[in-house]
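Step one of this worksheet: look at the structure below.
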Number of protein chains: 2
Amino acid sequence: MQPTIDFTLSTAPQVYDWLRDAILRGALPPGTRLSETEIGQQIGVSRQPVREAFIRLTADGLAEVRPQRGTYIRRISISAVLSARLIREAVESDLIRMLAEQADDKLITQLDQEIAEQSEAVARDDAETFVRLDDRFHRLLAVAVGQEAVWEVLEGLKSQMNRLRYITARTFDIQKLIGQHAEIVDGLRNHDPALAEAAMRRHLRELLNDLPEISRSRPELFIP
Amino acid sequence: MQPTIDFTLSTAPQVYDWLRDAILRGALPPGTRLSETEIGQQIGVSRQPVREAFIRLTADGLAEVRPQRGTYIRRISISAVLSARLIREAVESDLIRMLAEQADDKLITQLDQEIAEQSEAVARDDAETFVRLDDRFHRLLAVAVGQEAVWEVLEGLKSQMNRLRYITARTFDIQKLIGQHAEIVDGLRNHDPALAEAAMRRHLRELLNDLPEISRSRPELFIP
DNA sequence: AAGTATTTACTAGTATGCAAGTATGCATTA
DNA sequence: TAATGCATACTTGCATACTAGTAAATACTT
């Protein structure tokens with residue numbers, strides 16, 4: 001596990017991107033102890049850019065600096081995950097209602113195509129691709145109502161949820177999720193805001209179904 | 001304009017808090033050029049803690065570092081402000097619906113009291129106090145449904161909106177805002193989720209009424 | 001042997017030095 | 001006069017030295 005640093009560019013952002021990705025993928029599990037010096041030596045840079053990466057990770061809520069003691073990967077905050085889900089449901093519900101009133105045939109066709117791709121991925125048992133396609137599907141809905149900036153905000157909030165997703169990826173019933181995507185698109189196709197919203201809320205409420213079980217079986221990963 | 005640095009604590013976070021407050025209050029208007037060295041000399045610390053404060057401000061979207069050129073206070077992003085408002089409306093609407101089903105007499109009394117305090121502030125023509133009370137009112141609603149963490153997230157998003165608020169504070173029709181607060185509480189009093197939600201949406205949709213005018217008269221403060 | 005002081009090896013926080021890129025004003029040139 | 005080259009004074013990015021605080025192992029005392 002080693003990043004490729006391009007020394008013609010600034011190193012600090014590259015260190016940040018590398019560490020952030022590693023945390024979200026679970027390669028650096030909660031509670032892991034990091035050290036500015038150690039990481040710096042590992043990738044061949046001084047403490048300084050590593051330190052700056054740690055500061056940004058702390059601002060993201062992904063790391064925690066204990067002065068004169070060390071820097072630790074933060075445990076997953078259950079309340080932060082639940083908050084992110086609630087916010088996502090509220091916002092995407094509003095967006096989908098707006099979209100139901102203005103969706104045109106071209107968009108519906110595009111969304112049907114997205115769902116077909118998702119089905120292909122699940123047929124190949126390719127969970128990782130599905131996660132990517134799922135993100136793209138929801139993003140596309142936001143872009144279609146001209147609210148790409150809103151999705152960017154949700155993306156940031158989702159970081160805590162994503163950490164969970166990598167832990168629980170196997171237990172998802174992906175086929176069911178795709179069916180829910182189809183229900184959402186049906187709501188758009190019929191220009192029925194209430195239907196689309198109901199489908200979206202049902203969909204997003206299922207995302208954390210297995211949180212209680214996971215947090216019971218792996219308590220060392222979580223804080224309230 | 002000078003912060004008081006407590007040298008028994010870490011200085012970097014203190015520098016960050018000071019600069020952030022100055023930006024949100026408009027004391028450092030968009031486009032202002034900062035310098036690590038200059039700020040450091042001004043408050044008697046080295047470049048390092050100032051630099052770390054700049055990094056966090058950049059992560060907040062409040063500053064922008066141009067390598068080898070300087071650090072600048074970011075202009076207010078109109079799309080970010082609009083996104084924050086949309087998200088706030090979606091989330092607070094959901095929260096107020098949940099609250100309408102479970103609000104008890106004690107809470108209603110407390111909210112009535114809050115509104116009374118707001119009226120006192122407007123009677124004294126004390127706009128600054130009203131801004132504080134307004135924040136407390138909305139926060140209280142979130143806390144009452146057990147979603148304080150959600151409000152913390154909204155607080156972060158609101159930073160761009162707050163910069164606007166300090167510019168436009170005088171032009172607000174505060175009396176009208178208080179009336180809308182009362183409508184929201186009436187919805188809760190009658191345990192009528194639809195009524196409460198409608199009042200909340202009406203309320204939050206007015207917050208940016210004067211954005212078009214402000215952005216036309218002060219274009220140097222904004223980017224699309 | 002148990003408990004207490006001390007040493008030692010770490011940690012992050014801060015200050016400073018150097019390198020490299022940028023902007024600006026001035027001198028030079030056509 | 002206008003345009004170009006260049007010296008100079010900035011800027012941030014990174015490396016390094018030093019400080020102070022923490023924790024754990026070790027030595028010492030009772």
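Numbered from 1 within each chain, the chains take letters A, B, ... in sequence-line order.
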Going by salt bridge (Lys or Arg N to Asp or Glu O under 4.0 Å), name the residues that satisfy it together with [X], two or more places apart in sequence or in a different chain.
X: A:Glu64; answer: none
X: B:Glu38; answer: none
X: B:Arg97; answer: B:Asp94, B:Glu197

Identify every side-chain donor-acceptor pair in residues 19-27 of chain B under 3.5 Å, counting partners at least two apart or on other chains, and give the distances.
{"from": "B:Arg20", "atom 1": "NE", "to": "B:Tyr16", "atom 2": "OH", "distance (Å)": "3.4"}
{"from": "B:Asp21", "atom 1": "OD2", "to": "B:Arg25", "atom 2": "NE", "distance (Å)": "3.0"}

>> For chain A and DNA chain C, what are the first and last nucleotides along the strand, 5' to 3', with at least one atom under 4.0 angstrom from a heavy atom of the protein chain?
In response: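 The protein-touched segment is C:dT11 to C:dT14.
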Contacts table for residues 66-73 of chain A: side-chain donor-acceptor under 3.5 angstrom, sequence neighbours left out:
{"from": "A:Tyr72", "atom 1": "OH", "to": "A:Arg33", "atom 2": "NE", "distance (Å)": "3.3"}

>> Salt bridge or not between A:Asp210 and A:Arg216? Use side-chain N to carboxylate O under 4.0 Å.
In response: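 Looking at A:Arg216 together with A:Asp210, the answer is no, because their closest N to O distance does not fall below 4.0 Å.
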Polar pairs (N or O, both sides) under 3.5 Å between protein and nucleotides 10-12 of chain D?
{"from": "D:dT11", "atom 1": "OP1", "to": "B:Ser35", "atom 2": "OG", "distance (Å)": "3.1"}
{"from": "D:dT12", "atom 1": "OP1", "to": "B:Thr71", "atom 2": "OG1", "distance (Å)": "3.3"}
{"from": "D:dT12", "atom 1": "OP2", "to": "B:Glu36", "atom 2": "N", "distance (Å)": "3.4"}
{"from": "D:dT12", "atom 1": "O4'", "to": "B:Gln68", "atom 2": "N", "distance (Å)": "3.3"}
{"from": "D:dT12", "atom 1": "O2", "to": "B:Gln68", "atom 2": "NE2", "distance (Å)": "2.7"}

> Quick one: B:Gln48 CD to D:dA15 C1', roughly how many Å, whole number?
Replying inline: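 In whole Å, D:dA15 C1' lies 11 Å from B:Gln48 CD.
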> Who passes side-chain hydrogen bond (donor to acceptor under 3.5 Å, both in side chains) against B:Thr4, sequence neighbours left out?
Replying inline: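 Listed in chain order: nothing, the list is empty.
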> Among pairs that include at least one residue of residues 44-57 of chain B, which meet side chain to side chain donor-acceptor pair (under 3.5 Å), considering only residues two or more places apart or in two chains?
Replying inline: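 For residues 44-57 of chain B: A:Arg51-B:Glu52, A:Glu52-B:Arg51, B:Glu36-B:Arg47, B:Glu36-B:Arg51, B:Gln48-B:Glu52.
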